[in-house]
Amino acid sequence: MENEIQEARPLNFLEKIIEDDLANGRVPNNTIVTRFPPEPNGYLHIGHIKSICINFGLAEKYHGRCHLRLDDTNPAKEDMEYINSIKDDIRWLGFDWGKYEFYASDYYDQLYEIAIRLIKEGKAYVDDLSAEEMKEYRGTLTQPGRNSPYRDRSIEENLRLFEEMKEGMHPEGSKTLRAKIDMASPNINLRDPALYRIKFATHPRTGDKWCIYPMYDFTHPISDAIEGITHSICTLEFEDHRPAYDWATSIDGIEHTPHQYEFARLNVTYLLMSKRRLLYLVNNKFVTGWDDPRMPTISGIRRKGYSPESMKDFVSRVGVAKVEGMVDYSLMEFCVREDLNKRAKRLMAVLDPLKLVIDNYPEGQVEYFEAENNPEDPEAGTHSVAFTRELYIEREDFMETPVKGYHRLYPGNEIRLKYAYYVTAVKVDKDEDGNIVAVHCTYDPESKGGTTPDGRKVKGTSHWVSADHVLKAEVRQYDKLFKAEVPGAATGNYLDDINPDSLVVIPEAYIELEAAKAKVGDYLQFIRNGYYCVDSKDSRPEAMVFNRTCTLKDSWAKQKKKMGL
RNA sequence: UGGGAUGUAGUGUAAUGGUAACACUGCAGAUUCUGGUUCUGCCUUUGGGGGUUCGAAUCCCUCCAUCCCAGCCA
């Protein structure tokens with residue numbers, strides 16, 4: 001029953017509300033119903049993961065259910081491609097909405113009838129004010145608004161005009177249906193909010209059936225009510241809309257009354273979390289698409305090799321509260337590394353090859369060594385790796401004149417070639433420009449397997465690849481898309497902080513043959529280089545492409561930086 | 001200068017009247033066939049001021065700071 005022991009995590013404020021509601025019989029059928037309601041106008045990003053985990057997580061925890069509802073009330077911006085990607089991304093995270101898949105557009109007929117009812121009750125009216133005029137009549141943050149001259153039209157006229165709007169008899173922008181609330185309200189959302197606007201756009205699901213579309217403040221609360229949502233959880237910027245939400249759910253005839261609660265959206269340093277800006281990056285080719293591994297979209301991080309488990313862990317560590325803050329990117333990387341460390345298959349890949357020749361090793365001889373697939377998990381087994389006289393090591397792993405603290409290969413120094421032998425550098429070959437083209441060394445046959453009978457230690461262990469047993473593949477070294485913690489903070493333009501080195505392509509890296517078995521979705525670690533995955537779009541069996549998921553922690557790099565190297 | 005919210009180590013989140021804590025980051029060290037992992041230790045915290053109380057991060061007053069709102073977007 002060990003796995004039944006609940007982690008003693010304190011309740012967040014939403015859980016407290018829910019437990020209180022449950023305890024006091026305020027929840028119909030004692031069944032918590034939440035919903036995740038994205039607008040299909042772009043791809044889901046890391047910020048949405050928080051919302052998804054909260055809504056689906058709460059439903060799971062309290063044995064209720066979570067609806068997926070696509071908030072498709074603005075056909076001008078929405079697309080089927082987005083709907084499909086959203087569903088895909090939620091599934092990837094491991095959540096299942098079962099049969100509870102809804103669309104705001106499912107409720108267009110009901111919404112229309114409610115609007116008619118409001119008109120009949122004198123609670124809504126058709127306004128002829130233009131957008132500019134309406135803005136003027138609305139007043140400002142500090143000044144109350146004025147009533148529209150059309151506010152007191154007769155019910156009959158309103159009914160007729162709204163019908164005409166629906167029939168397409170009026171051009172876009174010429175008329176709106178507005179709620180009659182209070183133009184002097186200190187809350188601008190209550191100054192006769194628009195309920196319907198005219199839009200001659202083809203809707204991804206309803207096609208050309210409608211040319212009037214309901215607004216968020218009208219649609220969302222009523223959709224919640226129709227679906228029996230008990231806790232309607234959204235982000236902080238909707239706090240001001242809660243009175244509008246409550247207005248809509250208290251319209252006569254609406255029986256179920258959900259409540260809205262707001263939490264702080266997720267902000268992460270170095271990342272942009274705005275669909276508008278992400279769309280700009282896509283449209284202007286700063287990235288290759290919504291699923292570019294540098295994008296903070298779910299499809300992007302997935303293609304980059306992040307695991308859903310690590311992301312769920314990340315948002316759970318971030319917690320849920322009402323404080324608008326900025327989470328460190330390093331926490332996210334920590335979560336990715338912690339998860340991948342436990343499950344990534346280890347491989348040796350030489351990204352920047354330097355030839356190493358073992359002068360005293362027999363030419364033509366091949367030995368096979370056992371390489372562990374994962375030192376963190378003995379069950380993961382081993383694979384074999386070929387060893388020959390000529391190898392490649394990382395150029396970084398040799399220095400002709402070592403700096404202080406360097407304990408890799410340099411003339412006279414002995415290191416271990418992982419799993420294989422101890423080698424000592426003897427001399428270097430250079431080209432006419434003085435560049436090192438090969439390093440010669442000798443090996444100690446006694447050190448076979450990586451230890452010696454005399455038990456002597458070496459400070460360095462390098463990974464390597466046999467020159468004759470090598471998979472040549474493209475490796476894409478991804479880094480952060482932006483180099484500033486808050487892109488645009490300095491100049492006001494986030495494009496100024498684009499990281500020019502966010503992608504460095506290595507056209508031909510040398511990887512041990514075992515890598516050829518890797519498939520899309522596998523988690524890999526190229527020892528001492530980082531975590532990698534097979535690119536889901538561009539990799540082919542005969543021309544593999546690997547993406548860097550994230551680097552390993554690198555204390556040597558840190559130390560070098562400190563020494564000013 | 002209207003309304004709505006929020007202030008706890010560098011960051012995020014706990015503690016709801018009774019010893020301010022956990023994680024990440026950073027720093028130092030140990031271990032290590034990955035300069036990874038693991039382990040140990042260290043650093044730094046209740047926005048300011050007043051009040052109530054034996055006792056305040058918590059209750060009250062006040063000031064300050066930050067965020068959101070003037071779409072026929074969501």
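Numbers restart at 1 for each chain; the letters A, B, ... are given by sequence-line order, proteins then strands.
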Visitor: Any side-chain N or O of Ser555(A) less than 4.0 Å from the OP1 or OP2 oxygen of G36(B)?
Guide: yes

Visitor: Enumerate the protein-to-nucleotides 45-48 of chain B contacts in which both atoms are nitrogen or oxygen and the separation is below 3.5 Å.
Guide:
none

Visitor: Taking only the side-chain heavy atoms of Val323(A) (C-beta and beyond), determine which of G12(B), G7(B), A70(B) contains the nearest atom.
Guide: G7(B)

Visitor: May I ask you to check whether Phe526(A) and Tyr532(A) place their ring centres under 6.0 Å from each other?
Guide: yes

Visitor: What pairs of donor and acceptor atoms, side-chain ones from residues 320-331 of chain A against any protein atom, are under 3.5 angstrom apart with sequence neighbours left out?
Guide:
from      : atom 1 : to        : atom 2 : distance (Å)
Lys322(A) : NZ     : Glu239(A) : OE2    : 3.3
Glu324(A) : OE1    : Asn267(A) : ND2    : 3.2

Visitor: Would you mind building the protein contact string for nucleotides 18-32 of chain B? One character per nucleotide, 5' to 3', B for base within reach (heavy atoms under 4.0 Å), S for sugar-phosphate only, - for untouched.
Guide: -----SSSSSS----

Visitor: Report yes if at least one side-chain N or O of Lys560(A) is closer than 4.0 Å to OP1 or OP2 of G35(B); otherwise report no.
Guide: no

Visitor: Please check if any side-chain donor atom of Asp192(A) sits under 3.5 Å from a side-chain acceptor atom of Tyr125(A), or the reverse.
Guide: yes

Visitor: So, under a plain 3.5 Å distance rule, would you say the side chain of Glu262(A) forms a donor-acceptor pair with the base of G4(B)?
Guide: no

Visitor: Establish, from distance only, whether the side-chain atoms of Ser232(A) and Arg35(A) form a donor-acceptor pair under 3.5 Å.
Guide: yes

Visitor: Within residues 182-193 of chain A, find the residues that approach RNA chain B with a heavy atom at under 4.0 Å, and present them sorted by residue number.
Guide: Pro186(A), Ile188(A)

Visitor: Going by modelled atom types, is there a donor-acceptor pair between the base of U34(B) and the side chain of Gln525(A) at under 3.5 Å?
Guide: yes

Visitor: Should Thr73(A) be listed as having a side-chain N or O under 4.0 Å from OP1 or OP2 of A74(B)?
Guide: yes

Visitor: Which sits closer to the 5' end of RNA chain B, Glu372(A) or Pro37(A), going by the nucleotide each is nearest to?
Guide: Glu372(A)

Visitor: From the options A14(B), C73(B), A5(B), select the nucleotide whose nearest atom is closest to the side chain of Glu39(A).
Guide: C73(B)

Visitor: Near RNA chain B, which residues from residues 211-223 of chain A have a heavy atom under 4.0 Å away?
Guide: Pro214(A), Met215(A), Tyr216(A)

Visitor: Identify all stems in which RNA chain B takes part, counting only runs of at least 3 consecutive pairs (Watson-Crick or G-U wobble, each distance under 3.5 Å), and give each as one range with another, ordered by first number.
Guide: B:2-7 with B:64-69, B:10-13 with B:21-24, B:26-30 with B:38-42, B:47-51 with B:59-63

Visitor: Of the nucleotides C72(B), G36(B), A74(B), which has the atom closest to the Glu376(A) side chain?
Guide: G36(B)

Visitor: Under the 3.5 Å rule, do the base of G35(B) and the side chain of Arg408(A) count as making a donor-acceptor pair?
Guide: yes

Visitor: Looking only at side-chain atoms of Glu324(A), point me to the closest of G36(B), C67(B), A74(B).
Guide: C67(B)

Visitor: Does G3(B) have its OP1 or OP2 closer than 4.0 Å to a side-chain nitrogen or oxygen of Arg242(A)?
Guide: no

Visitor: If we take the P atom in both U40(B) and G7(B), what is their distance in whole Å?
Guide: 33 Å

Visitor: Look at Arg346(A) and U34(B) and indicate whether a side-chain polar atom (N or O) is within less than 4.0 Å of OP1 or OP2.
Guide: no

Visitor: Would one find a side-chain N or O of Arg138(A) under 4.0 angstrom from OP1 or OP2 of G71(B)?
Guide: yes

Visitor: Quick one: is the NZ or CZ of Lys480(A) closer than 6.0 Å to the six-membered ring centre of Tyr270(A), and within 45° of its axis?
Guide: yes

Visitor: Identify which nucleotide among G36(B), C72(B), G35(B) has an atom closest to any side-chain atom of Thr176(A), counting heavy atoms from C-beta outward.
Guide: C72(B)

